[in-house]
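Count residues from 1 along the sequence.
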Amino acid sequence: MSRAIPRTYWVAGAAVLLALLFAAAATVAAAKGSGSPAPRTEPRTPGLHSADAGFARDMSVHHQQAVEMSFIVRDRTQDEAVRTLAYDIANTQANQRGMMLGWLDLWGLPKVVAGEPPMSWMGSSAGHGGHAGHGPAKPGALMPGMATKEELEQLGAASGRDAEVLFLQLMTDHHKGGVTMAEGCAQSCVTPVERELAQGMVDAQRSEITLMADMLKQRGATPRG
């Protein structure tokens, strides 16, 4: 039986859309230049181990798993609200991932750095809840909030309400880890358009966390931990 999608969902979607539109417009403007004869300071290209580059690399990996989980649950339930949420997450995070990988290309930086621990760009706050109170990655997970291989297999084997509940729980954890990382970039990144995108992620994913708590309650379940 399908359920009406709460207004919170549309707020989350609107926040993400605004973030994407702003980021796209700012990227185009930066590429074209201001056209003004007045002297201006050229933006500094982020370094290999900068917060800007580290966030782009790590959040691209983080986003990829969210897309994967969304596609898994899409085929494991017929619930309209869950399928719509999964589609929105997959579409939004795939687009954001493309933007971040594109920035790395523009900066002439690699998408993977051998020997670089995940979230090392966050310094002492990495994996210790320094920005959003979300703890370190659980055993078998690459970064805080990410699901393990076993959890992904469990999601793929579930169906109906069981798949819906597990997806909402896993994605809630995933969003909490994502908010931690995005807050780190919003505070530490020096590229304005990247900071704006990161703050948009924080706002949208917090709204979706609230939405998913409501959806879990409708199914007689609660977020984990």
For the atom pair [atom1] ([X]) and [atom2] ([Y]), what is the distance rounded to the nearest 0.5 Å?
{"X": "Phe167", "Y": "Ser70", "atom1": "CZ", "atom2": "OG", "answer": "4.0 Å"}
{"X": "Leu155", "Y": "Asp162", "atom1": "CG", "atom2": "CG", "answer": "11.0 Å"}
{"X": "Leu85", "Y": "Leu168", "atom1": "CG", "atom2": "CG", "answer": "7.0 Å"}
{"X": "Ile209", "Y": "Asp173", "atom1": "CD1", "atom2": "CG", "answer": "9.0 Å"}
{"X": "Leu166", "Y": "Ile72", "atom1": "CG", "atom2": "CD1", "answer": "9.5 Å"}
{"X": "Arg219", "Y": "Asp214", "atom1": "CZ", "atom2": "CG", "answer": "10.5 Å"}

Can you classify the ring geometry of His62 versus His174 as parallel (below 30°), tilted (30 to 60°) or perpendicular (above 60°)?
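Judged by the thresholds at 30° and 60°, the geometry between His62 and His174 is tilted.
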
Looking at side-chain heavy atoms only, is the closest gap between [X] and [Y] below 4.5 Å?
{"X": "Cys185", "Y": "Glu194", "answer": "yes"}
{"X": "Val73", "Y": "Met171", "answer": "no"}
{"X": "Ile89", "Y": "Met69", "answer": "no"}
{"X": "Glu116", "Y": "Leu48", "answer": "no"}
{"X": "Pro144", "Y": "Met119", "answer": "yes"}

Once salt bridge (Lys or Arg N to Asp or Glu O under 4.0 Å) is applied, do any residues pair with Glu68, and if so which ones, sequence neighbours excluded?
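Expected list: none.
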
Sequence neighbours left out, what passes salt bridge (Lys or Arg N to Asp or Glu O under 4.0 Å) with Lys217? Give chain and number order.
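Residues passing salt bridge (Lys or Arg N to Asp or Glu O under 4.0 Å) with Lys217: none at all.
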
Give the C-alpha distance, both sets of side-chain angles, the deciding distance and a yes or no for side chain to side chain contact (heavy atoms under 4.5 Å, CB included) between Thr180 and Met122.
CA-CA 10 Å; Thr180 298; Met122 292 183 68; 4.1 Å; yes

Can you check whether [Y]'s main-chain N or O pairs, donor with acceptor, with [X]'s side chain at less than 3.5 Å?
{"X": "Arg76", "Y": "Gly156", "answer": "yes"}
{"X": "Arg57", "Y": "Val112", "answer": "no"}
{"X": "Asp88", "Y": "Thr84", "answer": "no"}
{"X": "Arg224", "Y": "Gln169", "answer": "no"}
{"X": "Arg83", "Y": "Arg74", "answer": "yes"}
{"X": "Asp52", "Y": "Val190", "answer": "yes"}
{"X": "Glu183", "Y": "Val202", "answer": "no"}

Check Asp105 with Lys111, please: is the shortest side-chain N to carboxylate O separation under 4.0 Å?
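A salt bridge links Lys111 with Asp105.
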
Partner residues of Gln93 under the side-chain hydrogen bond (donor to acceptor under 3.5 Å, both in side chains) criterion, sequence neighbours left out
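Per chain and number, Gln93 pairs via side-chain hydrogen bond (donor to acceptor under 3.5 Å, both in side chains) with His63.
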
Check step by step if side chain to side chain contact (heavy atoms under 4.5 Å, CB included) holds for Leu197 and Trp103.
CA-CA 12 Å; Leu197 179 62; Trp103 288 335; 3.6 Å; yes

Under a 4.5 Å side-chain heavy-atom rule over Ile, Leu, Val, Met, Phe, Trp and Tyr, are Val193 and Leu106 clustered together?
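Linked within one cluster.
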
Taking every non-hydrogen atom, the tightest pair across [X] and [Y]:
{"X": "Thr191", "Y": "Pro46", "answer": "OG1-CG, 3.7 Å"}
{"X": "Ser60", "Y": "Ala56", "answer": "OG-O, 2.6 Å"}
{"X": "Phe55", "Y": "Cys189", "answer": "CB-SG, 4.3 Å"}
{"X": "Ala90", "Y": "Val67", "answer": "O-CG2, 3.7 Å"}
{"X": "Leu109", "Y": "Gly47", "answer": "CD1-O, 3.7 Å"}

Side chains of Gln199 and Asp203, donor plus acceptor under 3.5 Å:
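Judged by distance alone, the side chains do pair up.
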
Is there a side chain to side chain contact (heavy atoms under 4.5 Å, CB included) between Leu142 and Gln65 once you walk through the steps?
CA-CA 11 Å; Leu142 185 62; Gln65 188 183 75; over 6 Å; no

